[in-house]
J.: 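Have a look at this one.
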2 protein chains.
Amino acid sequence: MNNYKITIQYDGTRYKGWQGQNSTGLTIQGKIEAVLGQMAGHAVEVIGSGRTDAGVHAKGQVANFHIEEHFTEGKILSYLNHYLPDDIAVIAVEQVDERFHSRYAAKKKTYRYHIHMGEISDVFERKYEYQYEKTLDVERMKEAASYLIGTHDFTSFCGNKKMKKTAVRTIYEINFTKKGNDLWIDYRGNGFLQNMVRILTGTLIEVGDGRRAPEELPQILESKNRENAGYTAPACGLMLMEVHY
Amino acid sequence: MNNYKITIQYDGTRYKGWQGQNSTGLTIQGKIEAVLGQMAGHAVEVIGSGRTDAGVHAKGQVANFHIEEHFTEGKILSYLNHYLPDDIAVIAVEQVDERFHSRYAAKKKTYRYHIHMGEISDVFERKYEYQYEKTLDVERMKEAASYLIGTHDFTSFCGNKKMKKTAVRTIYEINFTKKGNDLWIDYRGNGFLQNMVRILTGTLIEVGDGRRAPEELPQILESKNRENAGYTAPACGLMLMEVHY
């Protein structure tokens, strides 16, 4: 059995996410499975490293698929890029060990959230940033973020109320980069719950604009109650940058 | 009479250009005039610094319009950005002298052409670059470009065969920036003829991939014949960066 690992970029604007919550609508995974099915002449199941929400983008999503037939890596790369729509691209294909599983083998993930502060947003960036009209106090946000580093139960930052599995995750780093009116927040962790990066960002924004104190973060974590955290920042500002193996 | 200078960004992908060649179809100027007409309650004529071709983008197009009524700069800015589609943005509004004319007063313009060499193109860049599968020899292109600097009759590089006005223009600089597989060519001149930057780029590409010698450039200029220059590089790679006053 051949097993191929593929690295994927997408502009998530018009998609219901990597995979539909109830398998309906346009999804990235669905598009890739359709093209691979056409190439192989039979259904191919694609396993993603994790779901991204509707409207979230990716520069380095990873997936894998098993297939009886052998195709060269170059053939798969050009076939996919020829038939995929313009807002999805496969940037690497690698034949890997039969046991490689893109979700189970993922060690870390890096997400980037882009906030543009101010009234005017750049035409070429606006689909990939969250325009926030007020100026945020980045030092306060950094202080709040410091309480999130480490291993915690992130139930308060999970958008799925019915989740039954553990909500314990480790965040290794949260880095802030500010350039003019643009602010990028990079989150690196061993995994993220549904909507987690967006709720973390919404909460940090509420700290940055003065609505919350940085010292509230430990209580929010301890409460294990989604109601106590901030709002869910919009999907368009979020980008899955890299899955680390 | 009030005169306002506006600076405009646009993703030209779905437009017939700044202004239609025969006033039909979707144009950037048409969109802006419609919104200003709605704001003023009567027709408003917008004068652009120059036309951009169908599919060409802009980070710094400039236009002006005269209007009897007085509006604050802030009001015009927010009104336009509120009603313009997402692929057009007004990034500055300035009330200027009544005699200011965005075309006649323009001293220089800077255009940037983006070539991406290689099979795979970035999802977030592909609408704004020309994907060229071969690797170009940038040193040869620089040598060819050196013959274009200065004041010349650019008839050979003009896409409009019926042009009756002078084709004499001055190019001050052509700069090349290469980073990995990406190549940006910046052209600064006192003005550019129809399709001129795209034909210059197509000709430089033919030099860069070995189809032409750099030394052919002076003959091409002297011949004053469009047939002797290279092909017209695609519109999507071109961006009007700045109009200098």
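A note on names: the letters A, B, ... follow the listed sequences, proteins ahead of strands, and every chain is numbered from 1.
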J.: Rounded to the nearest 0.5 Å, how far does CG of B:L204 lie from CD1 of B:I174?
T.: 6.0 Å
J.: If every non-hydrogen atom of B:G230 is compared with every non-hydrogen atom of B:I199, which pair is closest and at what distance?
T.: O-CG2, 3.8 Å
J.: So for A:I120, is it side chain, backbone, both, or neither that comes closer than 4.5 Å to the heavy atoms of chain B?
T.: side chain
J.: Can you confirm whether A:I115 sits close enough to A:L136 that some side-chain heavy atom of one is under 4.5 Å from a side-chain heavy atom of the other?
T.: yes
J.: Going from CD1 on A:I8 to CD1 on A:I32, what distance comes out if it is rounded to the nearest 0.5 angstrom?
T.: 4.0 Å
J.: Produce the donor-acceptor pair table for chain A versus chain B, cut-off under 3.5 Å.
T.:
{"residue": "A:Q9", "atom": "OE1", "partner": "B:V123", "partner atom": "N", "Å": "2.7"}
{"residue": "A:Q9", "atom": "NE2", "partner": "B:D122", "partner atom": "OD2", "Å": "3.1"}
{"residue": "A:D86", "atom": "O", "partner": "B:R126", "partner atom": "NH1", "Å": "2.7"}
{"residue": "A:D122", "atom": "OD2", "partner": "B:Q9", "partner atom": "NE2", "Å": "3.1"}
{"residue": "A:V123", "atom": "N", "partner": "B:Q9", "partner atom": "OE1", "Å": "2.7"}
{"residue": "A:R126", "atom": "NH1", "partner": "B:D86", "partner atom": "O", "Å": "2.7"}

J.: To the nearest 0.5 angstrom, please state how far the CG atom of B:L183 sits from the CD1 atom of B:I205.
T.: 8.5 Å
J.: Roughly how far, to the nearest 0.5 Å, is CG of A:L36 from CD1 of A:I76?
T.: 7.5 Å
